[in-house]
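Everything below concerns the one structure shown next.
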Amino acid sequence: MSATSNPVNFTFSDTIAGRVTGHDREAGRFTLATADGRSFTVDLTGGPSAELLHNLGEPYQDASGHVDELLAEGTFVFAYGVFYPHGEGARFEAKRLVFVGRGGDDYRFEEEKWWVRQIEEIAGFYRKAQFGDGPVDFSRYRTEIRLGGEKTASHVQETDTISRLVYGMASAFLLTGEDEYLEIAERGTEYLREHMRFVDTDENVTYWYHGLKVDGDTEKKLFTSEFSDDYDALPMYEQIYALAGPVQTYRVTGDPRIKADADATIRLFDRFYLDPENGGYFSHIDPILLSPEHDSLGPNKARKNWNSVGDHAPAYLINLYLATGDQKYADMLEYTFDTIVEHFPDPKNSPFVQERFHKDWSHDTTHGWQQNRAVVGHNLKIAWNLMRMHSLRAKDSYLQTAAAIGETMPEAGGDRQRGGWYDVVERLKADGEDQFRFVWHDRKAWWQQEQAILAYLILAGTTGREAFRSEARSAQAFYNAFFLDHDEGAVYFNTLASGLPYLLGVERLKGSHSMSMYHSAELCYLAAVYNNLLVNGKSMDFWFKPDPALVTDRVLRVAPDLLPAGSVRIESVEIEDEPHTDFDAGALTVRLPETSGRVKVKVRLAAVPAPEQTR
C-alpha cells in the first residue's frame, strides 16, 4: 500500500490562515479560504479563545466574547486547532483564533505608529539585556543572550553582532528621537572603532576583526572567523556587516570618521575581494596573503556567493548613499545589482536564484551545507533590494527580475495554508513531486519573514499591484501574530510551521552569531517607511542629530530610503524644537544653521499621491 492511500486516522494540531468566506452562527462554524484558494470549515463548538492582534508592550486583548461580530466576510484570521479523523478526511476544531484587525480591511500593523512602538520595545529589551539599568558600557556586551535577556557564560564579543545592535539603536533613534538610543549607537560605534578595527596604513585600507575574546581585563583579538562555515578565513560578509551599525549611525550624526572608515573598508573590498577579470566579489580571502585563491581556504577558495555580492546594499551601501548622495556609491550599487541580475536568476531550472558560484560564475552546487539548495529569504531579499535600486537608477531588468521573484515565491517558498515563509528548500523538485522539499525542517526564521514583508511592501507600493499588497499583509500578519515574544520581550528566532515558537538550542536565544536586533529593527524601520509613505499615504517623523560644522555644505539628507522619485516630500522641519524653513522639500534636504555643536533635527515627511491617485 502506498503512503498516500492511508486515511487520516489520527489527531494533530495545526494552523489555518485566511479570509472568512461564510459564518453559520447557529451551527457554530465558519469557512475560511487560504491563500491558495482552498476552503476549510472551522468548528467553533469547542469554545476557542480569541484575541485581537497586539503589539509588543500592549496587553493581551481578549476577543472571545466578540467572535460572532468579528467573523465578517473578508476578515483575515488565524485559526489554531485540532484535526480529528472524520469519514475519509478530518474535521477541524478551533482552539485559538487571532484576528489581525477589527474586520474587513483593518490591519493593526498598518497603524501609523505600530512599527515605531515595536522598535521601542525591542530597543528597551536589548538595552536592559546588555547593560542592565546602569551606564552603557560595551565592555559588558556579550554576543549570546538568552530568551529572557540573561547573558550566557560565553565571553566572545563578535564585531558583527555589536554592529547589528548599533544599527538597531540608530534606527530606533531615527524613528523616535529618544536620545538614549543614539547614545548606545554612538558608544557602540566608538567601541568598534577602538577595539575591532585595524587600519593598514601600507595598503590604505581598514579591516575589522571577527571579535574579541574577553577574560577579565584581558582581550584577545580574533582576526579570522570563528564561525564553522568560515573558520580561519576572512569572510567578506563579516567585513560588510561591521559597517552596518556605524553607517546607520552616520545617517543620524554625519560623523566624518565613520565615512572615512566605510571608504577605507570599501577600498579593502576593491583591493582584495573584487574580481576584476570575471566581475563580482569573492566570498573569502586568506588571512596571511589576503588572497581569494589560496589553498588554505579549502572549499571557500575562489568562490563567490550571495553575501559577497548582494549584502553590500542592505547592510551599508544604500544607507551610505542616502547620507551623502555621492554618485560613487550609486555606481557601486549599480555594479552589484547588475551582477546579481546577470548571474543569479536561473529560471530555466528553478524559480529560486543560484546563490553560490565558482570564479567564472559557473554554479557551485556542492558547497558545504548549501549544495543545490535555496534560502527562501535570499530570493525575497533580492526582490526587495532590486526595487530599491530601481528607484535610484531605473532599469527594466531590475523591475522584471524583482517582479518575477515576487510572482513565483509564494508557491515555491511560502506556506499557503498557515502563512509565513520557509527557510531552506531544495532548488529542484524531486522526481514525481509537486513541491520543493525542505532540507532540514519546515520551521520559519524571523529574518526571512522580514525579507518577505519588505519585498512585498515595496513591490506593492511601487507597482500598485494588489496581489503584492495581499502578500505583504499576509506576511506581516504571520510575523506579528507569532514572532513577538509578549512574555520576555523582543522577537523569537524561529517558529514551527504552525506559528508556535521553537525554543531549542541556538534558536532559543535572543542574541547569537545570527541574531542581535538588526533584522527586527530593520523591519520596524522600513515597514514603517513603506506602510506609511509608500502604501498608505501617511506622514512620518524622523530625527537626526548632526554637528552642522561637520556636514558637507551643511546639507543634511533626510530621505528615509530609496523610494520612487517624487513620492515623498518634506512637510516641516524643527531644529531644537523651533520651526526651520531652510529646506528643499522635493530634494529631501535640510540646510543646517551656522552654529557650533550638535543640533537635534525633527523632519516630518509626507507621501505625495501618485498621479492616478490624484485623478
Side-chain angles (χ1 to χ4, degrees), residues 1-24 27-51 53 64 67 71 76-100 376 410-426 429-430 432-446 448-449 474-475 477-483 492-505 507-508:
M1 178 183 293
S2 68
T4 56
S5 66
N6 291 333
V8 177
N9 57 7
F10 55 91
T11 61
F12 60 94
S13 301
D14 213 337
T15 297
I16 306 172
R19 298 187 183 279
V20 177
T21 56
H23 178 207
D24 188 336
R29 60 176 177 259
F30 70 95
T31 52
L32 192 66
T34 58
D36 54 359
R38 288 174 297 133
S39 181
F40 287 86
T41 298
V42 180
D43 190 337
L44 299 172
T45 57
S49 67
E51 63 190 85
L53 189 71
S64 301
V67 170
L71 285 174
F76 193 96
V77 62
F78 293 97
Y80 177 79
V82 180
F83 282 94
Y84 292 98
H86 185 73
E88 293 298 316
R91 179 176 64 87
F92 181 74
E93 182 178 287
K95 297 299 181 184
R96 179 193 183 203
L97 302 175
V98 181
F99 294 94
V100 301
V376 174
E411 292 299 326
D415 186 337
R416 311 308 281 160
Q417 175 175 311
R418 306 167 190 87
W421 293 80
Y422 294 119
D423 184 7
V424 181
V425 299
E426 300 291 347
K429 291 179 182 177
E433 302 226 343
D434 296 327
Q435 294 180 310
F436 295 92
R437 288 198 172 197
F438 304 116
V439 173
W440 301 297
H441 53 70
D442 62 354
R443 298 197 291 275
K444 297 163 183 173
W446 94 106
Q448 304 209 45
Q449 314 313 304
S474 176
F478 188 88
Y479 181 85
N480 283 287
F482 298 115
F483 276 87
Y492 296 116
F493 189 111
N494 261 5
T495 69
L496 301 175
S498 65
L500 294 180
Y502 180 81
L503 302 174
L504 294 176
E507 293 164 65
R508 180 180 175 84

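Keep in mind it's a predicted model, so treat the numbers as computed, not measured.
- Looking at F438 and D423, their side chains never come closer than 4.5 Å, going by heavy atoms from C-beta outward.
- The number of heavy atoms from other shown groups lying within 6.0 Å of NE2 (H441) is above 12.
- Annotation: side chain of V67 is not in contact with side chain of F30 (no heavy-atom distance under 4.5 Å).
- Within the model, atoms CZ of F436 and NZ of K429 stand 5.0 Å from one another, a figure rounded to the nearest 0.5 Å.
- Using a 4.5 Å heavy-atom threshold, the side chains of V376 and V425 count as touching.
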- Query: Would D442 and D415 count as a side chain to side chain contact (heavy atoms under 4.5 Å, CB included) if you check the C-alpha gap in whole Å, the side-chain angles of each, and the deciding distance to 0.1 Å?
  - Reply: CA-CA 9 Å; D442 62 354; D415 186 337; over 6 Å; no
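- Here the closest non-hydrogen pair linking A27 and T45 is O-CG2, 4.0 Å.
- Counting all heavy atoms, side chain and backbone alike, W421 lies closest to K444 at O-CG, 3.1 Å.
- With contacts defined as side-chain heavy-atom distances shorter than 4.5 Å, the pair S39/L32 does not qualify.
- Between F482 and the options Y80, W446, F78, a side chain to side chain contact (heavy atoms under 4.5 Å, CB included) holds for only F78.
- How far CZ of F92 is from OG of S13: 8.5 Å, rounded to the nearest 0.5 Å.
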- Task: Dump the intermediate steps for side chain to side chain contact (heavy atoms under 4.5 Å, CB included) on E411 and D36, then the final yes or no.
- Result: CA-CA 8 Å; E411 292 299 326; D36 54 359; 4.3 Å; yes
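- Between N9 atom CG and Y84 atom OH the span is 15.5 Å, to the nearest 0.5 Å.
- The two atoms that bring N494 and A445 nearest to each other are OD1-CA, 2.8 Å, heavy atoms only.
- Taken from CZ in R29 to CZ in R91, the straight-line distance is 10.5 Å, to the nearest 0.5 Å.
- In terms of heavy atoms, A94 sits closest to L44 at CB-CD2, 4.4 Å.
- Distance CD/Q449 to OH/Y492: 15.0 Å, rounded to 0.5 Å.
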- Test F83 against I16 for side chain to side chain contact (heavy atoms under 4.5 Å, CB included), laying out the working first. CA-CA 11 Å; F83 282 94; I16 306 172; 3.9 Å; yes
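- Between F40 and R38, the shortest heavy-atom distance links the atoms CZ-NH1, 3.4 Å.
- The line from CZ of R416 to OG1 of T34 is 8.0 Å long, rounded to the nearest 0.5 Å.
- Nearest heavy atom pair, residue A79 against residue V42, reads CB-CG1, 4.3 Å.
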- Apply side chain to side chain contact (heavy atoms under 4.5 Å, CB included) to F478 and T495, showing your working. CA-CA 10 Å; F478 188 88; T495 69; 4.0 Å; yes
